[in-house]
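Take this structure first; my questions come after.
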Amino acid sequence: REKVEITKEQQALMKIITDAYNRHQIPQDVAKKLLQDQYSAEENFLLLTEMATSQVQVLVEFTKNIPGFLSLDREDQIALLKGSAVEAMFLRSAQVFNRKTPSGHTEVLEERIRKSGISEEFITPMFNFYKSIGELHMVQEEQALLTTVTILTPDRPYVKDQQAVERLQETILDVLRKLCVLQHPQEPQYFARLLGRLTELRTLSHYHTEMLASWRMNDHKFTPLLCEIWDVQ
Ligand SMILES: COc1ccc(-c2nc3ccccc3n2[C@H](C(=O)Nc2c(C)cccc2C)C2CCCCC2)c(OC)c1
């Protein structure tokens with residue numbers, strides 16, 4: 001089997017991205033909040049919009065640490081952020097969902113999310129995605145690189161210089177591929193499975209506008225930033 005080796009530059013790239021990913025976490029842990037109390041559909045919707053708003057701000061800060069991102073055309077940087085924000089939010093939610101909480105808490109968390117106000121039809125696809133991410137048992141470097149690959153998707157709407165984005169994405173994909181081979185030697189298909197989750201993620205993200213519109217309450221209020229990013233209101 002060919003010897004896979006991560007170069008010094010790739011090691012440095014991975015460290016920059018992983019450190020930035022871990023630094024730019026959302027301050028309060030929503031899972032703990034959800035485990036503490038049961039909230040009404042209105043309170044949960046407010047919590048969701050607060051979490052999503054801070055997640056977008058965290059995402060902007062994170063992208064500044066992706067080598068080459070700030071050298072992209074300015075409008076393309078915005079198009080990539082706008083195009084990946086929902087997917088990054090579901091990826092982050094999946095990671096929070098799968099974070100090892102004391103046994104029994106996962107069921108409570110699952111129940112709180114099920115009863116949050118989201119309409120029943122979206123629970124199954126959302127949990128299927130969370131569980132398929134959980135089964136991968138990604139190390140934090142893989143999580144950080146996967147989020148970066150998602151952000152650097154060349155075919156987002158309104159991206160002008162797709163080649164420039166493709167070149168950056170390929171650099172990250174090469175490191176991620178090697179990392180997967182080194183981290184999961186018994187599973188040669190692991191990298192392919194990981195990328196397959198991005199397809200599932202994109203499908204889930206198509207539902208998000210309906211998820212919001214069908215939240216069991218009237219008069220859904222959004223922050224100005226979310227109106228920009230979520231195409232709502
Ligand atoms: C668009 O529809 C969604 C999106 C996300 C979730 C979601 N899946 C979660 C998995 C684990 C923990 C919490 C989880 N969330 C919400 C959350 O805040 N996600 C979150 C965000 C938004 C940013 C950063 C980080 C996170 C975790 C809770 C918001 C308050 C009601 C309950 C869900 C969702 O659940 C119904 C519906």
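Every number for a ligand or one of its atoms is a count from 1 in the order of the listing.
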query = Is the W230 to H208 ring centre distance short of 6.0 Å?
reply =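 So the answer is yes for these two rings.
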
inquiry  = Give me the residue, atom name and distance of the protein heavy atom closest to atom 24 (C) of ligand 1.
reply    =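 Atom 24 (C) of ligand 1 sits closest to the protein heavy atom I26 CD1, 3.4 Å.
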
request  = Name the closest protein heavy atom to atom 12 (C) of ligand 1, giving the residue it belongs to and the distance to 0.1 Å.
outcome  =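 So the nearest neighbour among protein heavy atoms is V96 CG1, 3.8 Å.
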
request  = Among E142, Q189, R193, H137, find the residue that satisfies the side chain to side chain donor-acceptor pair (under 3.5 Å) test when tested with H184.
outcome  =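 Checked E142, Q189, R193, H137 against H184; only one passes side chain to side chain donor-acceptor pair (under 3.5 Å): E142.
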
query = Using the ring of each side chain (for Trp, its six-membered ring), is Y130 parallel, tilted or perpendicular to F97, with breaks at 30° and 60°?
reply =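 Plane angle between 30° and 60°, so tilted.
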
request  = Quick one: look up the protein heavy atom nearest atom 27 (C) of ligand 1 and list residue, atom name and how far away it is.
outcome  =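 For atom 27 (C) of ligand 1, the nearest protein heavy atom is V30 CG1, 3.4 Å.
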
inquiry  = Within this structure, what is the CD-NZ distance for the pair E75 and K160, rounded to the nearest 0.5 Å?
reply    =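 Rounded to the nearest 0.5 Å, the CD-NZ separation comes to 3.5 Å.
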
ask   = Counting from 1, what ligand 1 atoms have a heavy atom of Q55 closer than 4.0 Å?
value =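 Checking each atom against Q55, I get 23 (C), 24 (C).
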
message = Could you work out, for atom 13 (C) of ligand 1, the closest of L34, T49, L109, L48 by heavy-atom distance?
response =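 The residue whose heavy atom sits nearest atom 13 (C) of ligand 1 is L34.
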
ask   = At a 4.0 Å cut-off, with the gap strictly under it, does some heavy atom of Y130 reach an atom of ligand 1?
value =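 Yes, Y130 has heavy atoms under 4.0 Å from ligand 1.
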
key: Protein heavy-atom partner closest to atom 5 (C) of ligand 1 - residue, atom, separation in Å   =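 The protein heavy atom lying closest is S93 OG, 3.7 Å.
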
task = Could you find the nearest protein heavy atom to atom 2 (O) of ligand 1 and give me its residue, atom name and distance?
result =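 That would be M211 SD, 3.5 Å.
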
query = Counting each atom of ligand 1 from 1 as listed, which ones have a heavy atom of S116 under 4.0 Å away?
reply =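 Answer for ligand 1: 31 (C), 32 (C), 36 (C).
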
key: Heavy-atom side-chain contact between Q162 and D76 under 4.5 Å   =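 Not in contact.
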
key: Per-atom contacts of ligand 1 with N44, taking only distances under 4.0 Å to non-hydrogen atoms   =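 Answer, ordered by atom number: 30 (C), 31 (C).
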
Approximate separation, where rounding is to 0.5 Å, of T203 OG1 and F90 CZ =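 Going from the OG1 atom of T203 to the CZ atom of F90 covers 11.5 Å.
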
request  = Examine the side chains of R156 and S84 and answer whether a donor and an acceptor come within less than 3.5 Å of each other.
outcome  =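 R156 vs S84: no donor-acceptor pair found between side chains.
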
message = Would you say that R197 contacts E200 through its side chain, given a criterion of any heavy-atom pair below 4.5 Å between the two side chains?
response =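 Of all side-chain heavy-atom pairs linking E200 with R197, at least one is under 4.5 Å.
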
query = At a non-hydrogen distance cut-off of under 4.0 Å, which region of Y39 contacts ligand 1 (side chain, backbone, both, or neither)?
reply =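 The answer is neither.
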
ask   = Just how far is it from atom CD1 of I133 to atom CG of L91, taken to the nearest 0.5 Å?
value =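 Interatomic distance, I133 CD1 to L91 CG, rounded to 0.5 Å: 5.5 Å.
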
ask   = If you measure from each non-hydrogen atom of M126 to ligand 1, which part falls under 4.0 Å: side chain, backbone, both or neither?
value =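 M126 to ligand 1: side-chain contact only, backbone stays beyond 4.0 Å.
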
task = For M51, take its heavy atoms, then give the atoms of ligand 1 lying under 4.0 Å from any of them.
result =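 Taking each heavy atom of M51 in turn, ligand 1 has 18 (O), 21 (C), 22 (C), 23 (C), 24 (C), 25 (C), 26 (C) under 4.0 Å.
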
request  = Have a look at ligand 1 and work out which part of M89, if any, has a heavy atom under 4.0 Å from it: side chain, backbone, both or neither.
outcome  =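 Under 4.0 Å from ligand 1, M89 contributes side-chain atoms alone.
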
